[in-house]
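What's counted below: heavy atoms across the whole structure, side chains too, no hydrogens, waters or symmetry copies.
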Amino acid sequence: MAVLLLLVVFQESGSVVRLWPLAVILGTSLVALQLVHEAMLARWWFQAAFFIGDALAATAALRWLAPKADLFLLYLLIVFGSA
């Protein structure tokens with residue numbers, strides 16, 4: 001999510017109104033990791049749900065931005081690397 005958030009910030013320089021909701025969507029998962037107790041992070045169902053949620057949020061972000069093909073390759077690298 002952090003990589004996609006940085007790409008959104010650098011790619012989307014013109015429309016600030018469009019940037020804020022997307023930054024909130026992507027930043028929520030980063031904040032959630034800081035707020036959740038460590039025992040919760042160790043549970044398999046939390047890890048699976050968090051992975052699926054991140055994959056869905058990243059897919060929505062890339063669909064919203066309509067990026068070039070190189071960003072989709074980076075997205076696949078991130079999703080499969082975290083899996």
Side-chain angles (χ1 to χ4, degrees):
M1 287 297 106
V3 172
L4 282 174
L5 186 57
L6 286 174
L7 287 173
V8 166
V9 169
F10 284 113
Q11 183 180 5
E12 194 69 26
S13 60
S15 176
V16 175
V17 174
R18 187 174 161 184
L19 173 68
W20 282 107
L22 190 55
V24 168
I25 290 170
L26 295 175
T28 301
S29 68
L30 297 175
V31 172
L33 283 176
Q34 293 297 318
L35 297 177
V36 173
H37 195 275
E38 287 184 30
M40 182 72 76
L41 291 174
R43 297 189 177 156
W44 71 268
W45 54 267
F46 181 82
Q47 294 174 5
F50 196 79
F51 172 74
I52 291 170
D54 271 354
L56 289 175
T59 302
L62 288 175
R63 180 172 278 269
W64 192 349
L65 286 175
K68 300 173 188 164
D70 56 344
L71 293 182
F72 281 111
L73 293 175
L74 182 63
Y75 163 71
L76 288 176
L77 178 70
I78 292 168
V79 170
F80 288 124
S82 62

Checklist outcome for this item: Across all chains, not counting sequence neighbours, the side-chain contact (heavy atoms from CB on, under 4.5 Å) partners of Trp45 are Met40, Arg43
Item to check | Any Phe50 side-chain heavy atom under 4.5 Å of Val36 side chain | outcome: no
Checklist entry - Taking a hydrophobic cluster as the set of Ile, Leu, Val, Met, Phe, Trp and Tyr residues connected by side-chain heavy atoms closer than 4.5 Å, whether directly or through intermediates, do Phe51 and Trp44 fall within one such cluster? => result no
Checklist entry - Apart from Leu35 itself, what residues make up its hydrophobic cluster, given side-chain heavy atom links below 4.5 Å? => result Val31
